[in-house]
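Start at 1 and go down the list; that is how both ligands and their atoms are numbered.
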Amino acid sequence: MESAKSTQFDLNRLVRENVRNMTPYSSARDEYVSDGSEKIFLDANENPFGDGINRYPDPQQRTLKSVLSGLKGVNQDQILLGNGSDEVLDLFFRAFCEPGRDNVITVPPTYGMYGVLSSLNNIENRKVLLKRDFTLDLDGIFNAVDENTRMIFLCSPNNPTGNCIPNEQIEGLLDRFTGLVVLDEAYIDFSGKTSWINTLDTYPNLAVTQTFSKAYGMAGIRLGSCFASREVIAVLNKIKPPYNVNELTQRTALQRLKEAGRIKEEVEVLRTERKELERALSALDYVERVYPSDANFILAVVDDANLRYEGLLEKGFIVRNRSGQPLCENCLRFTVGTPEENRLLIAALNELK
Ligand SMILES: *Cc1c(COP(=O)(O)O)cnc(C)c1O
């Protein structure tokens, strides 16, 4: 039985013509993959005097993907890895949006990179503000959609507001929107909620991005991931730079993924600390509102964001002033640190007058 959604969603229509027609770069390491037997590699003009990083990395990151495939419950051909999720997001623009013609929808206040990447790629960014409770304005979104709307970017838990977007709203979009819904789950591990990755088989128009930069504690190695249908992943794979995830990054990620227990413990600590910080912020006279958070940061409304930001800076704490964002007047965003950092922050907050 064909569902309404799958008959409406036509991936071929979304792919840019130049992308559809191009021949991807074929690297030496694409052509021959070592089968473990001893071979002499004279195909890629590498320096043969090796200490382990003289060779180009696997362009398809097969070992890493096989581990992730088990962890996330998807096939390896449903995974794309990038130099941070920022690279993955850029690939979406380049694969599916014709510069100067197409548009995307973003829902501020949200992650700034969606807007930056739309400017960079000369794609119109149609901003439909979240409602005051930071949920989606579905009517506003569908009013903004036209025949050139290629993607809608959602972030859940959302940065900087910290809340998850209600499931039924995301479902509402997936059911009706015939372009791609790109759902950024950078903070999903702090939320205790299930990932939308589990629904990829139901929604051909869904792509989920995640990152190793937050819960997994590897912002320094630059590794982001995307999970989608095999067809969507194949398009992104076709246009990605061949060696976009370097050897050291692949190795470090593999190593760290073996420490699942430690990652889980760290996330638990951060969730407990988040509660502490929430409580401390709520008790302050100059804090007018503390938004509930499903992430590893807290957004709070203060009496005067610039004043409080400067006050904290003087005491050696750098937080994020989000006042410039719509619906975030006088808002500061606090990342949850170690228990020790958190105690010091709370002491400093209590000293501000
Ligand atoms: C931090 C963050 C990311 C991570 O980006 P990387 O390039 O993977 O480090 C992605 N999306 C959101 C919303 C973020 O806040």
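- At a 4.0 Å heavy-atom cut-off, ligand 1 touches Asp86 through backbone and side chain alike.
- In this structure, Arg222 has a heavy atom closer than 4.0 Å to ligand 1.
- Protein heavy atom in closest approach to atom 9 (O) of ligand 1: Ser213 OG, 2.6 Å.
- The pair Lys275-Glu278 does not count as a salt bridge, with every side-chain nitrogen at least 4.0 angstrom from each carboxylate oxygen.
- Closest to atom 2 (C) of ligand 1 among all protein heavy atoms lies Lys214 NZ, 2.4 Å.
- Residues Cys164 and Ser156 come closest through the heavy atom pair CA-OG, 3.4 Å.
- A salt bridge links Asp146 to Arg126: one of the charged nitrogens lies within less than 4.0 Å of a carboxylate oxygen.
- The shortest separation from a heavy atom of Phe212 to ligand 1 is not under 4.0 Å, leaving the residue out of contact.
- Looking at every heavy atom in both residues, Arg150 comes nearest to Cys97 through CB-SG, 3.8 Å.
- For atom 15 (O) of ligand 1, the choice among Tyr114, Tyr187, Tyr111 with the nearest heavy atom turns out to be Tyr187.
- Applying the side-chain hydrogen bond (donor to acceptor under 3.5 Å, both in side chains) test to Glu351 and every residue at least two apart in sequence or in another chain returns Lys315.
- Contact check on Glu268 versus Lys264 returns no salt bridge, with no Lys/Arg side-chain nitrogen under 4.0 Å from an Asp/Glu carboxylate oxygen.
- The shell of residues lying under 4.0 angstrom from ligand 1, judged by heavy atoms, includes Cys155.
- In this structure, Arg279 pairs ionically with Glu276, as a charged nitrogen and a carboxylate oxygen lie closer than 4.0 Å.
- When the heavy-atom distances from atom 11 (N) of ligand 1 to Leu223, Asn296, Asp184 are ranked, the shortest goes to Asp184.
- When only non-hydrogen protein atoms are considered, atom 5 (O) of ligand 1 lies nearest to Ser85 OG, 3.2 Å.
- In summary, the atoms of ligand 1 found under 4.0 Å from a heavy atom of Asn159, numbered by their order in the structure, are 15 (O).
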